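Read the structure below first, then the notes.
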Amino acid sequence: MATERTLSIIKPDGVKKNVIGPIITKFEENGLHVVAARMEKLSRHQAEGFYAVHKERPFFGELVDFMTSAPVLLMVLEGPDAIKKNRELMGATDPAEAADGTIRKLYASSKGENTVHGSDAPETAAFEIGWFFPQADVTSRG
Ligand code: CMP
C-alpha cells in the first residue's frame, strides 16, 4: 500500500460538539498520522475556493455559510492508503446512510452538517492540501 497524504477538516459542528479528540484518536488508531494542523475560522474566499467544484450545486451557498460559521480544524493526514482509509472512517456523506462506528454515524446531524471532510482522490488531495498548507508547513515523520 502506498503512503499517501489527504486533507481532513473537522467542520464547525464537530468543533462545537467538542469531539476533536475522539476523531483524531480514530485516525491514529487506524494508522493515520497528523503531519500538519491548524485551527482557523475560514473566510468566504477560502471556503468558496476550496469547494469551487461544487459552485453550481444548489447547496453551495449553504455549504459556504456553514463552513465559515465557526472555526474548523484543518489537518493533513499521512499513512498507507490515507485517502481511502480516511473516507472509510468518515462514512457516507449523509449520516443516515453512514455505517455504524463511522465518524459521521457517531457525530453528524445532516448532509450539510456532517462533521468531517476528506479528499476523495489523489488529485483533489494535492489541490486541497496546497489550498490550505504551504509545503513548508507539512512536516515529515521520522
Ligand atoms: P464534503 O465531503 O465536505 O464535500 C462537499 C460537501 O457538500 C459535503 O461534504 C456535504 O457537507 C455538502 N453537501 C453535499 N450534499 C449536500 C446537500 N444535499 N445539502 C447540503 N450540503 C450538501
Side-chain angles (χ1 to χ4, degrees), residues 1-139 141:
M1 269 186 289
T3 297
E4 291 175 337
R5 285 178 173 175
T6 190
L7 195 278
S8 168
I9 305 178
I10 301 183
K11 298 186 180 187
D13 60 312
V15 172
K16 281 187 191 163
K17 284 180 185 153
N18 209 20
V19 290
I20 290 172
I23 292 172
I24 292 180
T25 297
K26 194 173 269 295
F27 293 149
E28 292 182 334
E29 285 176 348
N30 285 277
L32 298 177
H33 296 246
V34 178
V35 294
R38 186 172 77 247
M39 184 170 268
E40 191 169 320
K41 188 166 185 293
L42 299 182
S43 66
R44 291 194 78 80
H45 167 77
Q46 282 176 307
E48 285 171 358
F50 180 73
Y51 281 124
V53 62
H54 297 301
K55 71 173 182 297
E56 303 305 333
R57 304 274 193 105
F59 57 81
F60 184 68
E62 194 184 314
L63 176 61
V64 171
D65 286 347
F66 174 59
M67 290 300 288
T68 56
S69 64
V72 299
L73 184 66
L74 306 164
M75 290 179 284
V76 179
L77 305 178
E78 183 181 272
D81 253 345
I83 296 167
K84 182 160 160 257
K85 174 58 68 182
N86 182 33
R87 291 180 69 81
E88 283 170 11
L89 297 172
M90 291 194 304
T93 302
D94 183 347
E97 292 166 14
D100 283 348
T102 60
I103 294 166
R104 285 168 169 162
K105 181 72 170 192
L106 286 167
Y107 305 119
S109 48
S110 67
K111 256 191 210 173
E113 302 202 7
N114 64 356
T115 313
V116 278
H117 168 84
S119 312
D120 63 3
E123 301 71 30
T124 42
F127 166 75
E128 292 180 356
I129 291 169
W131 184 254
F132 285 123
F133 291 97
Q135 187 91 24
D137 287 352
V138 182
T139 57
R141 289 183 290 134

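These figures come from a predicted structure and were not determined experimentally. For ligands, and for the atoms within them, numbers begin at 1 and follow the listed sequence.
- At the shortest separation from atom 1 (P) of ligand 1 among protein heavy atoms lies His117 ND1, 3.4 Å.
- The proximity of Arg57 to ligand 1, defined as any non-hydrogen pair under 4.0 Å, does not occur for either the backbone or the side chain.
- Residues Lys85 and Glu88 are paired through a salt bridge, judged by an N-O separation under 4.0 Å between the basic side chain and the carboxylate.
- Comparing heavy-atom distances from atom 7 (O) of ligand 1 across Phe60, Phe59, Phe66 singles out Phe59 as nearest.
- Within ligand 1, counting atoms from 1 as listed, the ones closer than 4.0 Å to a heavy atom of Arg104 are 2 (O).
- The protein atom (non-hydrogen) at minimum distance from atom 9 (O) of ligand 1 is Lys11 NZ, 3.2 Å.
- Within ligand 1, counting atoms from 1 as listed, the ones closer than 4.0 Å to a heavy atom of Glu62 are 20 (C).
- At a heavy-atom distance under 4.0 Å, no atom of Arg87 approaches ligand 1.
- Interatomic distance, Tyr107 OH to Thr115 OG1, rounded to the nearest 0.5 Å: 9.0 Å.
- Ranked by closest heavy atom to atom 21 (N) of ligand 1, the top entry among Gly112, Ala108, Gly61, Pro58 is Gly112.
- Of the inter-residue distances, the one linking Ile83 atom CD1 with Leu32 atom CG reads 11.0 Å to the nearest 0.5 angstrom.
- Counting atoms of ligand 1 from 1 in the listed order, those under 4.0 Å from a heavy atom of Tyr51 are 1 (P), 3 (O), 4 (O), 5 (C).
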Please test Ile9 against Phe50 for side chain to side chain contact (heavy atoms under 4.5 Å, CB included), starting from the C-alpha separation and ending with a verdict. CA-CA 11 Å; Ile9 305 178; Phe50 180 73; 3.7 Å; yes
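- The protein non-hydrogen atom at the shortest distance from atom 11 (O) of ligand 1 is Lys111 O, 2.8 Å.
- Comparing heavy-atom distances from atom 6 (C) of ligand 1 across Leu63, Asp13, Ile9 singles out Leu63 as nearest.
- If you look at Glu113 next to ligand 1, there are no close heavy atoms at all, none under 4.0 Å.
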